[in-house]
Amino acid sequence: MTESKLKGFFESFLDKEPLFVNKKVLLSNYTPECISHRDEQIDVVGKILAPALRLDKPSNIFVYGKTGTGKTLTVKYVVDNLKNVALERNKPLKVIYFNCKLKKVADTEYRLIAQLAREFGKEIPATGLPTEEVYKTFFKILEEEEQLLILILDEIDQLVKKAGDEILYNLTRMNSDLEKSQISIIGISNDLIFTDNIDPRVKSSLSEEELVFPPYNAMQLQDILKQRSQNAFKEGVLSGGVIEKCAAYAAREHGDARRALELLRVAGEVAERTGSETVKIEHIDDAEEKIEKDRMLDVVNTQPKQHQSVLYSILSIYENKKNIVFTGEVYDVYKKICNKIGLRPLTQRRVSDIIAELDMLGIINARTISKGRYGRTREIALTMPDSNIVNIKKILEEGLNLS
DNA sequence: GTCAATTCACATGAAAGAGACCACGGTCTAGTG
DNA sequence: CTAGACCGTGGTCTCTTTCATGTGAATTGACGA
């Protein structure tokens, strides 16, 4: 693009009326002032937590529900209100929210407790201390003054998967040792069968109250989208059927409101970029494709070298074969690639795990099958369109210095 | 033809090691009075 | 004498390796009809 052309582009960009009024409303971390279709859940959570205002320990709550069903939103909403009242009445109520999925924050026992202590203003080194020591520090802080702590552990299943259920046991057990303070835990999980695998003692104490968030249906999603889009878009920008289609798409994927909102937002961005005056239905299809592609590229880019090499091997084989790929083949090619780029090859055991991890990330589609007499292996298929494969391969080649 | 045993090519688990990062306490060293 | 540099020990955490065990159906081969 030449300079004058670029200038013209910027100018016409400015002249053009933006479609958005406030894009933030459509972001997933935005908290609306009223939450639709979750009255019942808000009510229940509120009732359970209310004793906190009298400094009685509320029951621990366990909240289940698929992604994008408003679990986090609802809990945060209730707790925020609770906190405000507590503040007005001068009650020593402390709320801490952790997302256990975020790396380096709360995904191990040590880090969780250390982070907790930090929330109270105590400096804890990232590593180097025995976990026991950090527990003691935390304990001491709590005993300094009378208070009630509500600990919200989002994506608690991730925490337990990585660090075991001992943390939860320790935390719930702490209550009996604490004299001045009490801890109440709200666990949020989108894995419905998660509690089946944890220690029954932990389970019973953690899920004193259980709450299930059903997925939104298409009508409810429409409501939510309508409500948010009123604040996000200019009036009359959305052409008919757009909201319905977004809702339908998201409803198909187990009623994920987050996804519906993202879809709407990206569709708006696409429309804006193409210079359209309104957001049309076609833009949603483009948006869906774009979201998927961006996510994929982002994930691929942030993978470590070893993972990238394995993925590259898979893609290479797939390109030649245009068919299902097996673990053994991948490992052979992978070893060659490692040689080529001077990477120490990992054992097959590890590569097997890496393939499983790539599958978890949704980049590839792997399932274990038995070929009878010819052994048992993972059958790897690719779900992305061919154009994406080429793209990703290119990125990998750059990342791995393959020419 | 039927049925159980065999066999393959990995999958899956558990445990332990390597190496990076870090805190803490003790010892050494250089600068100061 | 003392502050700061430097070391050794012991801790966490992530990524791997090693060793061991599991697995599911095609194949094989014995058996009976």
Side-chain angles (χ1 to χ4, degrees), chain A residues 98-118 121-141 155 158-171 193 196-199 299-314 317-318 321 323-339 341-361 363-381 399-400:
Chain A
F98 279 150
N99 187 336
C100 306
K101 198 174 157 188
L102 294 180
K103 290 211 163 176
K104 316 277 177 196
V105 176
D107 60 348
T108 69
E109 182 168 16
Y110 180 92
R111 288 218 258 255
L112 180 75
I113 306 299
Q115 194 63 35
L116 275 173
R118 275 188 215 119
K122 194 99 182 170
E123 267 312 308
I124 304 281
T127 160
L129 289 180
T131 311
E132 193 64 18
E133 200 65 33
V134 187
Y135 261 112
K136 270 185 208 151
T137 318
F138 178 55
F139 198 88
K140 223 181 276 168
I141 299 171
E155 316 230 17
Q158 299 287 326
L159 176 67
V160 171
K161 204 167 87 192
K162 289 194 74 174
D165 47 17
E166 213 153 290
I167 314 165
L168 299 178
Y169 179 67
N170 287 341
L171 275 175
I193 53 164
D196 292 354
N197 311 324
I198 61 175
D199 191 323
V299 172
V300 169
N301 244 330
T302 52
Q303 288 302 301
K305 278 227 154 66
Q306 295 287 3
H307 293 230
Q308 290 189 347
S309 310
V310 174
L311 181 58
Y312 186 79
S313 314
I314 295 170
I317 300 171
Y318 184 81
K321 232 172 86 170
N323 207 342
I324 288 159
V325 181
F326 301 109
T327 307
E329 301 173 290
V330 175
Y331 189 62
D332 287 343
V333 175
Y334 160 79
K335 267 197 296 197
K336 276 188 206 136
I337 288 178
C338 280
N339 262 329
I341 62 175
L343 204 63
R344 198 172 53 86
L346 302 174
T347 52
Q348 179 151 348
R349 174 73 187 81
R350 180 67 188 130
V351 170
S352 174
D353 276 350
I354 290 177
I355 292 175
E357 282 164 36
L358 290 174
D359 177 44
M360 289 276 285
L361 288 168
I363 302 175
I364 59 174
N365 209 324
R367 64 196 183 101
T368 61
I369 52 149
S370 175
K371 293 192 290 172
R373 189 68 209 273
Y374 304 106
R376 209 167 127 78
T377 182
R378 241 191 276 265
E379 183 186 85
I380 304 165
L400 296 170

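Naming: A, B, ... by sequence-line order, numbering from 1 per chain.
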Task: Residue mapping more 5' on DNA chain B - nearest nucleotide basis, A:Arg376 or A:Ala356 - done: A:Arg376

- [ ] Send over the distance from A:Gln348 CD to B:dC8 C1', rounded to a whole Å.
- [x] 13 Å

Open item on the list: Taking A:Asp353 first and then A:Arg349, would you say they form a salt bridge - that is, a charged N and a carboxylate O separated by under 4.0 Å?
Closed with: yes

TODO: Check every atom of B:dA11, C:dT28, C:dG11 against the side chain of A:Arg373 and return the nucleotide holding the closest atom.
DONE: C:dT28

Open item on the list: At less than 4.0 Å, is any side-chain N or O atom of A:Arg111 found next to OP1 or OP2 of C:dT14? Yes or no.
Closed with: yes

TODO: Search all heavy atoms of A:Leu400 against all heavy atoms of A:Ser309 and return the closest pair with its distance.
DONE: CD2-OG, 3.8 Å

Task: Length of the line joining A:Asp353:CG and C:dT16:C1', which is rounded to integer Å - done: 10 Å

Task: Presence of A:Tyr374 side-chain N/O under 4.0 Å of C:dA25 phosphate oxygens OP1/OP2 - done: no

Task: Distance below 4.0 Å between A:Ser352 side-chain N/O and B:dC10 OP1 or OP2 - done: no

Open item on the list: Please report the distance, rounded to the nearest Å, between CE in A:Met360 and C1' in B:dT12.
Closed with: 15 Å

- [ ] Grab the CG-P distance between A:Asp332 and B:dC10 for me, whole Å please.
- [x] 8 Å

Open item on the list: On a heavy-atom basis, which atom in A:Ile355 and which in A:Ala366 lie closest, and how many Å separate them?
Closed with: CG2-CB, 4.3 Å

Task: Separation of atom CZ in A:Phe326 from atom C1' in C:dG24, rounded to whole Å - done: 15 Å

- [ ] In whole angstrom, give the distance that lies between atom CD of A:Glu133 and atom P of C:dT9.
- [x] 21 Å

Task: Any A:Arg350 side-chain N or O less than 4.0 Å from OP1/OP2 of C:dT18 - done: no

- [ ] Give A:Arg344 one of three labels, base, sugar-phosphate or nothing, depending on what nucleic acid heavy atoms sit under 4.0 Å from its own.
- [x] sugar-phosphate

TODO: Send over the distance from A:Glu357 CD to B:dT12 P, rounded to a whole Å.
DONE: 13 Å

TODO: Give a yes/no answer on whether the side chain of A:Thr347 brings an N or O atom under 4.0 Å of OP1 or OP2 in C:dT16.
DONE: no

Output a table of donor-acceptor pairs, distance under 3.5 Å, between side-chain atoms of residues 341-348 of chain A and any protein atom two or more places apart or on a different chain; print 'none' if there are none.
none

Open item on the list: Between A:Ser370 and B:dA9, is there a contact of a side-chain N or O with OP1 or OP2 at under 4.0 Å?
Closed with: no

- [ ] Please state how far atom CZ in A:Arg367 lies from atom P in B:dA9, giving the value in whole angstrom units.
- [x] 20 Å

Open item on the list: Please compare A:Glu329 and A:Arg349 by the position of their nearest nucleotide in DNA chain B and report the one closer to 5'.
Closed with: A:Glu329

TODO: Ignoring hydrogens and angles, tell me if any N or O in the side chain of A:Gln308 forms a donor-acceptor pair with the backbone of A:Val300 under 3.5 Å.
DONE: yes

